[in-house]
Amino acid sequence: MPSSDEPRIVPPNIFGHNRAIVTSQYAIMQTAGTLPSKLPGIENTTIRIQTAPAMGAEFVQIFLEMEPGGGTTRDRDEASQHFFYVLDGHVTITIDGEAHQLDAHGYAYVPVNSHCGFKAESAARMIWIRKPYEAIDLTPPKALVGSRDEVERSRTHTEGRYWQYLLPVDDMAFDMNVNILGFVPGNYFPYIETHIMEHGLFMLEGQGLYLLANEWHEAVVDDFIWMAPYCPQQFYCTGWGEAAYLLYKNVNRDVTFG
Ligand code: UGY
Ligand code: MN
C-alpha cells in the first residue's frame with residue numbers, strides 16, 4: 001500500500017493497456033519500461049538493451065542515452081561488428097584511432113576486428129547494433145561513416161513509401177543491412193512478409209499499426225520491435241504525418257544446420 005503522501009492513482013498502461021509484449025516470435029517494447037543496465041567500460045550513459053540472445057535474437061540492439069562527455073572509457077575490440085545511429089545530439093565515434101563526428105542522423109559501421117569507442121559531445125541518444133560477423137571467402141567490409149540526410153530515398157516499388165540503404169546492399173561481404181523505411185499515412189506493404197531474416201526495428205518518426213504474427217499492435221516513435229525469422233509482418237502507416245523506422249536485417253548468408 002502507498003503511504004499517505006504517495007499518489008493513489010496507478011499510472012495507466014500497466015494493468016489494462018500494457019503495450020509491451022514479448023513472445024518467441026516477436027517483441028514490442030517501449031523505451032521507459034526497458035529498464036537501464038550498466039556495462040563495464042561505459043560511463044555517464046543509460047544503457048537499455050532492447051534485444052539480445054536472451055530474447056532469442058542473434059544480434060544485440062542497445063538504446064543509449066548519453067550525458068555530455070559520456071561514452072566508452074576504453075576501446076571495444078570484441079569479435080563483433082558494430083553499427084551506430086545517432087538519433088539526436090553529437091557523438092564522436094573512434095574507429096582504429098580515427099575520430100568521426102556524427103550529428104543527428106549520422107551513422108557508423110565498424111567491421112569485425114576493429115577497435116572502436118564513442119563519446120557524447122552533447123546530450124545524445126544513439127542506437128547501437130552488435131552482431132558476430134559470419135565470414136565467407138570475401139574480405140570483410142571496411143569501416144563506413146555516413147548520414148541519413150545524404151542517402152538516396154529509393155521508391156522502386158510504389159509511391160508513398162521509400163527505402164534508404166545505409167549499408168551497401170549489393171556487397172556480399174556484408175552479412176547485415178540497416179535500412180530506413182518511410183511511409184506516408186495510409187501506405188502499407190503490398191503483402192504480408194514471412195522470411196528467414198530477423199529484424200530489429202526502432203521507430204524514428206510517426207506511428208502506425210504493426211502486424212506481428214497474428215496480432216496488430218500500435219507502434220509509435222521510440223518503440224522497439226524484434227521480429228524472429230519467419231514472423232509474419234506488415235506495417236500500416238496511420239496518424240497525420242510520415243512514419244519512418246530504422247531496420248536491422250541479417251542477409252547474404254547460407255542456411256546453417258544445428
Ligand atoms: O526488407 C524487409 O524485410 C522489410 N520490408 N521488412 C519490414 O519492414 N518489416
Ligand atoms: Mn521484413
Side-chain angles (χ1 to χ4, degrees), residues 19-30 50-51 55-61 63 81 83 85 87 105 107 109 127 129 131 134 141 146 148 151-239 241-255:
R19 291 203 304 118
I21 294 169
V22 180
T23 75
S24 57
Q25 279 188 294
Y26 67 88
I28 177 160
M29 287 151 49
Q30 295 74 52
Q50 297 178 308
T51 194
M55 187 181 272
E58 293 191 348
F59 66 104
V60 174
Q61 183 161 326
F63 179 84
Q81 50 193 337
F83 183 91
Y85 183 86
L87 298 164
H105 301 180
Y107 63 89
Y109 168 80
I127 299 291
I129 295 167
K131 178 188 184 297
E134 295 170 66
R148 173 191 181 182
V151 177
E152 182 197 355
R153 295 184 174 200
S154 23
R155 296 182 168 81
T156 39
H157 298 79
T158 183
E159 291 300 309
R161 270 188 296 132
Y162 67 83
W163 266 254
Q164 289 180 287
Y165 304 107
L166 304 189
L167 297 177
V169 276
D170 295 326
D171 183 349
M172 298 297 284
F174 281 90
D175 65 0
M176 61 191 262
N177 286 167
V178 182
N179 305 323
I180 292 176
L181 278 65
F183 305 77
V184 298
N187 212 302
Y188 52 90
F189 296 125
Y191 39 72
I192 292 170
E193 294 180 9
T194 313
H195 51 64
I196 193 169
M197 299 76 95
E198 70 174 329
H199 285 311
L201 180 157
F202 186 81
M203 284 295 290
L204 297 172
E205 294 154 18
Q207 64 190 112
L209 295 172
Y210 227 101
L211 177 73
L212 297 164
N214 298 319
E215 306 268 355
W216 286 94
H217 298 271
E218 283 190 289
V220 302
V221 67
D222 286 356
D223 281 354
F224 167 76
I225 298 175
W226 168 66
M227 289 168 249
Y230 295 115
C231 175
Q233 55 200 255
Q234 165 67 280
F235 181 68
Y236 182 77
C237 181
T238 61
E242 289 195 9
Y245 54 74
L246 185 77
L247 190 74
Y248 159 89
K249 183 174 186 175
N250 58 313
V251 292
N252 297 342
R253 294 296 180 269
D254 202 353
V255 174

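Each ligand, and each atom within it, is numbered from 1 in the order the structure gives. Since this is a predicted model, take the numbers as computed values, not measurements.
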Requested in this report: Evaluate the ring pair (Phe, Tyr, Trp, His ring centres under 6.0 Å) criterion for residues Y248 and F202: first the C-alpha distance (whole Å), next the side-chain angles of each, then the deciding distance (0.1 Å), finally the verdict.
Outcome: CA-CA 9 Å; Y248 159 89; F202 186 81; over 10 Å; no
With a 6.0 Å cut-off on the ring centroids, do [X] and [Y] count as close?
X	Y	value
F224	F63	no
F83	F59	no
Y210	Y26	no

Query raised in the report: Can you find a heavy atom in the side chain of Y230 that is under 4.5 Å from one in the side chain of Q25?
Result: no
Report summary line: Test side-chain contact (heavy atoms from CB on, under 4.5 Å), reference M29, set D223, I21, V22, output is V22
Report task. Give a yes or no answer on whether the side chain of S154 reaches the backbone of W163 with a donor-acceptor pair at less than 3.5 Å. Result -> yes
Less than 3.5 Å apart, N/O on ligand 1 and N/O on the protein: could you list those pairs with the distances?
{"unit_1": "ligand 1", "atom_1": "1 (O)", "unit_2": "K249", "atom_2": "NZ", "d": "2.8"}
{"unit_1": "ligand 1", "atom_1": "3 (O)", "unit_2": "E193", "atom_2": "OE1", "d": "3.1"}
{"unit_1": "ligand 1", "atom_1": "3 (O)", "unit_2": "H195", "atom_2": "NE2", "d": "3.2"}
{"unit_1": "ligand 1", "atom_1": "3 (O)", "unit_2": "H199", "atom_2": "NE2", "d": "3.1"}
{"unit_1": "ligand 1", "atom_1": "3 (O)", "unit_2": "K249", "atom_2": "NZ", "d": "2.9"}
{"unit_1": "ligand 1", "atom_1": "5 (N)", "unit_2": "E193", "atom_2": "OE2", "d": "2.5"}
{"unit_1": "ligand 1", "atom_1": "6 (N)", "unit_2": "E193", "atom_2": "OE1", "d": "2.9"}
{"unit_1": "ligand 1", "atom_1": "6 (N)", "unit_2": "E193", "atom_2": "OE2", "d": "3.4"}
{"unit_1": "ligand 1", "atom_1": "6 (N)", "unit_2": "H199", "atom_2": "NE2", "d": "3.2"}
{"unit_1": "ligand 1", "atom_1": "6 (N)", "unit_2": "Q233", "atom_2": "OE1", "d": "3.4"}
{"unit_1": "ligand 1", "atom_1": "8 (O)", "unit_2": "Y210", "atom_2": "OH", "d": "3.4"}
{"unit_1": "ligand 1", "atom_1": "8 (O)", "unit_2": "Y245", "atom_2": "OH", "d": "2.6"}
{"unit_1": "ligand 1", "atom_1": "9 (N)", "unit_2": "Y210", "atom_2": "OH", "d": "2.8"}
{"unit_1": "ligand 1", "atom_1": "9 (N)", "unit_2": "Q233", "atom_2": "OE1", "d": "2.8"}

Query raised in the report: Counting no waters, how many protein N/O/S atoms sit under 2.8 Å from the Mn ion (ligand 2)?
Result: 4
Requested in this report: With sequence neighbours excluded, tell me which residues meet side chain to side chain contact (heavy atoms under 4.5 Å, CB included) with D170.
Outcome: none
Query raised in the report: Does V151 have any side chain to side chain contact (heavy atoms under 4.5 Å, CB included) partners at least two apart in sequence or in another chain, and if so, which?
Result: Y107, Q164, L166
